[in-house]
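The structure appears right after this line, and notes come after that.
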Amino acid sequence: MQIIISPAKKMRTDTDSFDCQGLPVFVEQARQLAAQLQQMTPQQLQALWKCNDKILQQNIERLQRMDLYHQLTPAILAYDGIQYQYMAPGVFTDRALEYIQKHLRILSGLYGILRPFDGVTPYRLEMQAKLEADGKKDLYGYWGKKLADQLMSESNCILNLASKEYSRCISRYLPKEAVMITCVFAEQANGKLVEKGTLCKMARGEMVRYLAENQIQTPEGVRSFDRLGYRYLPEKSTQQTYLFIKEEI
């Protein structure tokens with residue numbers, strides 16, 4: 001079973017806590033994208049990134065000094081969003097770290113797919129960004145079926161903890177024999193089940209932590225997740241979708 005998650009926009013550098021264990025499998029494709037970004041004007045980059053002037057300047061400076069091969073941060077520590085804060089990999093046991101290196105994969109607009117200890121450098125490039133690359137109209141076209149094929153070479157069972165923006169670059173290319181299970185985290189509101197963005201990110205990070213701490217190897221084990229007030233709801237779940245509902249406190 002392989003677990004997929006989204007990256008985070010906010011990134012940081014940490015070359016001291018853990019050693020990197022190699023480069024991303026698609027580092028050459030990432031280099032091509034980085035070279036294309038470096039040729040764009042500030043105006044073009046701001047339109048692509050959809051960001052304010054402060055973030056624009058920060059990421060232009062990152063592009064100017066970008067080195068995909070040296071002074072790298074392990075991917076699992078490089079992303080600093082809510083999901084990663086709740087995952088808290090910095091305090092994982094060695095056993096939990098070994099688990100995520102084997103079972104966790106981070107999807108990325110720049111790098112394609114990452115193992116937790118692949119070395120990365122800070123960047124800004126969301127998968128849905130309208131960047132024409134290698135004759136393709138966007139990054140979905142650029143990456144094509146490469147990412148799904150890479151996952152399938154590791155397992156035909158995918159646990160999807162990624163957002164739709166990222167999971168679609170896997171789901172559309174999976175073969176018939178593949179199993180992809182999407183975890184949905186919701187709560188009751190006015191008689192309806194509602195997914196709230198921040199709570200979902202928190203739950204996804206906590207789920208990865210739970211899976212790593214308990215060394216979960218099968219989809220059946222995923223259903224026992226019970227953190228942050230969530231519980232598995234079998235009557236609302238299917239073979240392709242596991243629904244976890246947040247209990248009222």
Query raised in the report: Hey, does the side chain of Trp49 reach the backbone of Arg124 with a donor-acceptor pair shorter than 3.5 angstrom?
Result: yes
**Report entry** Steps toward side chain to side chain contact (heavy atoms under 4.5 Å, CB included) verdict (Asn156, Val179)
**Finding:** CA-CA 6 Å; Asn156 68 352; Val179 176; 5.8 Å; no
Query raised in the report: Can we say Asp138 and Lys136 salt-bridge, meaning some charged N sits less than 4.0 Å from an Asp/Glu carboxylate O?
Result: no
Report task. Evaluate whether atom CD of Glu220 has more than 12 neighbouring non-hydrogen atoms of other residues, nucleotides or ligands under 6.0 angstrom away. Result -> yes
Query raised in the report: Can you find a pair of side-chain heavy atoms, one from Leu151 and one from Arg105, that are under 4.5 Å apart?
Result: yes
Query raised in the report: Between Val194 and Ala189, which heavy-atom pair has the shortest distance, and what is it?
Result: CG2-CB, 3.7 Å
Query raised in the report: Linking I/L/V/M/F/W/Y whenever any side-chain heavy atoms sit under 4.5 Å apart, do Leu114 and Tyr69 land together?
Result: yes
Query raised in the report: Hey, does the side chain of Asn59 reach the backbone of Arg62 with a donor-acceptor pair shorter than 3.5 angstrom?
Result: no
Query raised in the report: So is Lys246 actually on top of Tyr230's ring, under 6.0 Å and inside 45° of the axis?
Result: yes
Query raised in the report: Where do Leu139 and Gly109 come nearest, in terms of heavy atoms and distance?
Result: CD1-O, 4.0 Å
Requested in this report: Report, as yes or no, whether the 6.0 Å neighbourhood of atom OH on Tyr86 holds more than 12 heavy atoms from other residues, nucleotides or ligands.
Outcome: no
Query raised in the report: Would you call Cys183 and Met207 a side-chain contact if the rule is heavy atoms closer than 4.5 Å?
Result: yes
Query - Intermediate values then yes/no, salt bridge (charged side-chain N to carboxylate O under 4.0 Å, His left out), Arg95 and Glu98 - result: CA-CA 5 Å; Arg95 194 160 176 256; Glu98 291 173 3; over 6 Å; no
Query raised in the report: Hey, is the main chain of Met127 close enough, under 3.5 Å, to the side chain of Glu165 for a donor-acceptor pair?
Result: yes
Query raised in the report: Heavy-atom distance under 4.5 Å between the side chains of Leu77 and Phe18, does that happen here?
Result: yes
Query raised in the report: Without hydrogens or angle criteria, can the side chains of Tyr79 and Ser6 be said to hold a donor-acceptor pair below 3.5 Å?
Result: no
**Report entry** 4.5 Å side-chain heavy-atom contact, Thr198 and Ile82
**Finding:** yes
Query raised in the report: More than 12 heavy atoms of other residues, nucleotides or ligands under 6.0 Å from NZ of Lys146: is that the case?
Result: yes
Query raised in the report: How about Asp94: does its CG atom have over 12 heavy atoms from other parts shown lying under 6.0 Å from it?
Result: no
Query raised in the report: How long is the gap from OG1 on Thr238 to CD1 on Ile181, to the nearest 0.5 Å?
Result: 9.0 Å
Query raised in the report: Will you find, in the side chains of Tyr123 and Ser108, an N or O donor that is under 3.5 Å from an N or O acceptor?
Result: yes
Query raised in the report: Is the side chain of Arg209 donor-acceptor paired with the backbone N or O of Ala88 at a distance under 3.5 Å, no angle test?
Result: yes
Report task. Check for a donor-acceptor pair, side chain of Gln46 on one end and backbone N or O of Cys51 on the other, with a separation under 3.5 Å. Result -> yes
Query raised in the report: To the nearest 0.5 Å, what is the distance between CZ (Arg204) and CG (Leu199)?
Result: 11.0 Å
Requested in this report: Could you go through the salt bridge (charged side-chain N to carboxylate O under 4.0 Å, His left out) check for Lys102 and Glu154 one step at a time?
Outcome: CA-CA 9 Å; Lys102 181 177 180 180; Glu154 299 175 336; over 6 Å; no
Query raised in the report: Would you say Arg115's side chain and Leu23's backbone share a donor-acceptor pair under 3.5 angstrom?
Result: yes
Requested in this report: Take Gln150 and Val25 through the test side chain to side chain contact (heavy atoms under 4.5 Å, CB included) and record every step on the way to the result.
Outcome: CA-CA 9 Å; Gln150 179 62 32; Val25 64; 4.1 Å; yes
Query - Any donor-acceptor pair under 3.5 Å from His103 side chain to Gln217 backbone - result: no
Query - Flag side-chain contact, heavy atom, 4.5 Å: Tyr140 against Arg172 - result: yes
Query raised in the report: How about Val120 and Leu72: do any of their side-chain heavy atoms sit closer than 4.5 Å?
Result: no
Query - Min side-chain heavy-atom separation Phe26-Ile113 under 4.5 Å - result: yes
**Report entry** Nearest atoms (heavy-atom pairs only) where Ile158 meets Ser155
**Finding:** CD1-O, 4.1 Å
Query - Neighbour count above 12 (heavy atom, 6.0 Å) for Asn52 CG - result: yes
Query raised in the report: So, Asp134 and Gln36: side-chain donor and acceptor under 3.5 Å apart, yes or no?
Result: no
Query raised in the report: Where the side chain of Asn160 meets the backbone of Ala162, is there a donor-acceptor pair that is under 3.5 Å apart?
Result: yes
Query - Residue from Asp118, Ile106, Leu68 passing side-chain contact (heavy atoms from CB on, under 4.5 Å) with Tyr111 - result: Leu68
Query raised in the report: Could you walk me through whether Glu206 and Arg227 pass the salt bridge (charged side-chain N to carboxylate O under 4.0 Å, His left out) check?
Result: CA-CA 7 Å; Glu206 194 70 43; Arg227 298 183 178 178; 3.4 Å; yes
**Report entry** Shortest non-hydrogen contact between Glu195 and Cys200, atoms and distance
**Finding:** CB-SG, 3.9 Å
**Report entry** Heavy-atom closest contact (Leu97 atom, Phe117 atom, distance)
**Finding:** CD2-CZ, 3.8 Å
Query raised in the report: With distance as the sole test, does Tyr232 use its side chain to make a donor-acceptor pair with the main-chain N or O of Asp226 at under 3.5 Å?
Result: no
Query raised in the report: Above 12 or not: heavy atoms from other molecules or residues under 6.0 Å from CD of Gln71?
Result: no
Query raised in the report: Are the side chain of Thr241 and the backbone of Ser237 linked by a donor-acceptor contact shorter than 3.5 Å?
Result: no
Requested in this report: Would you please test Ile3 and Tyr99 for side chain to side chain contact (heavy atoms under 4.5 Å, CB included) and show each step?
Outcome: CA-CA 11 Å; Ile3 309 155; Tyr99 176 93; 3.8 Å; yes
Query raised in the report: Is there side-chain contact between Gln83 and Ile5, with at least one heavy-atom pair below 4.5 Å?
Result: yes
Query raised in the report: Nearest heavy-atom pair of Thr73 and Asp14: which atoms, and what distance?
Result: OG1-N, 2.9 Å
Query raised in the report: Taking it one step at a time, do Tyr166 and Gln128 satisfy side chain to side chain contact (heavy atoms under 4.5 Å, CB included)?
Result: CA-CA 8 Å; Tyr166 285 91; Gln128 62 187 359; over 6 Å; no
Query raised in the report: Is Arg231 positioned over the aromatic face of Phe244, cation under 6.0 angstrom from the ring centre and no more than 45 degrees off axis?
Result: no
